[in-house]
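All values derive from a computational prediction rather than experimental measurement. Just so it is clear, the values below take in all heavy atoms, side chains as well, and ignore hydrogens, waters and symmetry mates. Letters A, B, ... are given to chains in the order of the sequence lines, protein chains preceding strands, and every chain is numbered from 1.
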Amino acid sequence: MTDKKKKLLLVDGSSVAFRSFFGLPNLDGFRNKNGLHTNALYAFNNILERIFQTEEPTHLLVAFDSGKTTFRNALYGDYKGGRASMPSELSEQWPYFGVLVHAFGGKTYELVNYEADDIIGTYSRMADQAGYDVVIISGDKDMIQLTTDNIRVDITVKGVSELKSYTPDVIRGEYGIEPRQIIDMKGLMGDSSDNYPGVTKVGEKTALKLLTEYGSIENLYEHIDELKKSKMKENLINDKENAFMSKTLATIDLDSPVTLKLDELAVEGKQIDKLTDFYREMDFNGFLDKLGVASEDRSESFEDIHFEVLTEIRPEHFTDRMALYVEMLEDNYHDGKILAVSWGTDEKIYTASLETVLASVAFEEWAENVGAHKIVYDGKRTMVMLHYAGIALAGIDFDILLASYILNAKDNSKDLAQVAQEYGYNDVSFDEAIYGKGAKTAVPEDAILHDHLARKVKAIQALFAQLNAELESNVQKDLYYEMELPLSFVLAHMEIQGIKVEPQRLLTMKEEFAGRLLEIEKTIYAEAGEEFNINSPKQLGVILFEKMGLPAIKKTKTGYSTAVDVLEKLQAQAPIVEHILNYRQLAKLQSTYVEGLLKFIKPETGKIHTRYQQTLTQTGRLSSVDPNLQNIPIRMEEGRKIRQAFVPQQAGWKLFASDYSQIELRVLAHISGDEHLREAFLEGQDIHTSTAMRVFGIEKPEDVTANLRRQAKAVNFGVVYGISDYGLSQNLNITRKAAQEFIDRYFDKYPGVKQFMEDIVKEAKETGYVETLFHRRRYLPDIHNRNFNLRSFAERTAINSPIQGTAADIIKVAMVRMDKVLKEKGLQANMLLQVHDELIFECPEEEIPVLEKLVPEIMEHAVDLAVPLKVDSNSGDSWYDAK
DNA sequence: AATATCACG
DNA sequence: ACGTACGTGATATTG
């Protein structure tokens, strides 16, 4: 029986720490709860993890440089001179690298007067002689001088994400010299980062040529007379001293006075407790979860939680004010499976299986009782889930997720533990730790599941008061209680209601499109002279710009751009271009809308049930997913026909749609108070025509040509987006200079708008955030960024968000009121969809006249602005016809 | 998992 | 000089 061969892993801690820091430059993304930067520690952990797995070392030493000066400074005062000092963001992490290594069961070492290189060199030689395999990890290429048949050196490339292995053979192959000659090479070349000189004008190539011929610096200088007269020879002679000194500096000491014995470097194995403590301190939750034992281990550190698993639910299990949590793993709650339910107060928490809940009258009575107050996490989700279980949840008083989103739209994590942690509550696990992720997702045994749910309920209880108080201090209680929370109930109803879609209409289109696609495909292949994947921008680029020689107008990160604006410019040059544009358009309709929507029609009801994301956008808008019903085609007639498939749920009913006209510009007129913009709306003028008249100095509206109106419209859009000359020039296909002139003229004519833009950016810089009319906040951390791009982006965002956000607020108010009025009036009409500035209803034909009055009434008076709001309405037998 | 493209307001 | 319009989601390809 033979022992496994011993393997020593030597890590240049200082150099790998530096590489870790600069390889993961996302400083803001990696900070723990105390504000400590953790990016380098995170990357360092990754590299340790990886080399442990791939190398399986029996021994480990991580060496660090010690202090500023070493014996090399005695030799050459400027050694490593001129180096920028360590950034504070890295130095604050420095003390923790050792802690991490020790938690991994490894030793660290540093030695006064010596560099990490020398420690590593010394141990590598000791181990080599003792018959170990040795692997060295460093970011410093000088280290490859240490390679032997038993010593491999891995150098980090691209941060720390990749390692390049050096062995004597690799060095011979790459440089044509032996490892021991590396120091001669460095001696001749010098090293700019370590700041030693070498020989003037001698770089890697020359050095290698000389070494292949003469073998070493010593031998070279012995034969220096044999060299032909040249500038290089002169330099060699002049810099002889430097050459020898540099060689010495490059030479790693193999006999430094280290004190640890090889045996003492044996790996002790991961110290799970230390590692857990470390990860917890750094907030490395992903690593905690990966520890495997972590969830158990973590829950040991949790405070004990007392809860009761009920098998029979009775009225005494409920009191007035309780937290409620319903668990489901699927994102899409329209067809997921409830795993279990938990509810409780500060004193008492219960959990129960779905079966138990369904078998109980008491639960349903409590859940449906508006007077029984509930605090939840993601109320809309909870309502829809329970709806499918036959329970009409009512009485939601507070929604933790919704509140955290209002307090900071960045807090839109699905995970309760994430939100809890941000508010300093840590007694609850991340879902990933309990259920795993990806293919490994699994439901744990009941004991763990119920414990997890009980902790969630406890967290919900614990967070309520704090979040509520923060809403209060931000003056956001109205926004929350009057708008967002009631809206979440309205949205739940809309999602449950769904919209009916005729599969037959889509299937007919599918067949037609398939035929036409095939035809266009054939034409394109013929014109290209070969078959290729038209859907691949890469392959298409090769055909258009290489094979056919069309001019490449724009490039992307990965190659030629083949986007519409590019293709449109090439249209005249080759007929294939137009065919590609047609193909693209049809392929998009086919895959995303025809086939895509068909997949979402519920067979039982013939309806599509989207989900609105109420806690996602940074501006306060909703978004729609699975499927997205907010981007159904309308601009092109071809695509618009998709809307013919969207119909009322029963015969004799109609679809009814109302949309705000120019709501964002009206909002701008209000919040900027600009006199001329306000006047235009008050007088009911066509806003783009009015802008054209002012900006282009035209007297009469009838003199504004279609083209001038188009340009004015682009300027108006630009204003809302936080205009820039470049953006406008791109949009209008004009020069930057011309675009700038438009902007100057606009600001000249609308000074209130200009003032607003300046003021709002100033406000953002002072407070760090901007607000809508209803106090919805958007924080702009980049507003002070030194990076021009990031700062400019933040400035444009400061302008756009209050406008887009106020418009979003307004339609939300309208939705809440609309829902209420429909109920009060006992109408059968259902609100089905929201598309940012538009609401879509279905109703019996006879209710159409009612809606025609009622909906614009509510929408136009959702808020009182300095300009009127205007709403246009239409109805028809399909969404297509409600135009 | 990232990138390019394109659908909407 | 810097390099861009604001806000989203779905699909297909490719590394």
Can you confirm if the aromatic rings of A/Phe742 and A/Phe696 lie within a centre distance of less than 6.0 Å? yes

Any side-chain donor near an acceptor of the partner, A/Arg505 and A/Gln644, under 3.5 Å: yes

Just to confirm, is there a sub-4.0 Å distance from OP1 or OP2 of C/dT13 to any side-chain nitrogen or oxygen of A/Lys538? no

Does C/dT13 have OP1 or OP2 sitting under 4.0 Å from an N or O in the side chain of A/Asn533? yes

Are there more than 12 heavy atoms of other residues, nucleotides or ligands under 6.0 Å from atom NZ of A/Lys713? no

Complementary nucleotide of B/dT3, counting Watson-Crick and G-U pairs under 3.5 Å: C/dA12

Of the nucleotides C/dG9, B/dC8, C/dT14, which has the atom closest to the A/Pro633 side chain? B/dC8

Could you check whether the side chain of A/Arg778 and the base of C/dG7 have a donor-acceptor pair of N or O atoms closer than 3.5 Å, going by distance alone? no

So if I take residues 794-804 of chain A and measure heavy-atom distances to DNA chain C, which residues fall below 4.0 Å? A/Arg796, A/Thr797, A/Asn800, A/Gln804

Between B/dA7, C/dT14, B/dA4, spot the one nearest the side chain of A/Lys557, thanks. B/dA4

Evaluate the criterion side-chain hydrogen bond (donor to acceptor under 3.5 Å, both in side chains) for residue pair A/Lys440 and A/Tyr435; output intermediate values, then yes/no. CA-CA 8 Å; A/Lys440 280 181 284 188; A/Tyr435 305 114; over 6 Å; no

C1'-based separation of B/dA7 from C/dC2 [nearest Å]: 32 Å

Please pick, from C/dA12, B/dA7, C/dT13, the nucleotide with the shortest atom-to-atom distance to any side-chain atom of A/Ser591. C/dA12

Candidates B/dC8, B/dT3, C/dT14 - which lies nearest the side chain of A/Asn631: B/dC8

Identify, between A/Gly596 and A/Val715, the residue whose nearest nucleotide on DNA chain C lies closer to the 5' end. A/Val715

Atom NZ of A/Lys883: over 12 foreign heavy atoms under 6.0 Å: yes

Side chain of A/Val564 only, heavy atoms from C-beta on: which candidate in C/dG9, B/dC6, C/dG3 is closest? B/dC6

Under 4.0 Å, counting only non-hydrogen atoms across every strand here, what does A/Val625 touch: a base, just sugar-phosphate, or nothing? sugar-phosphate

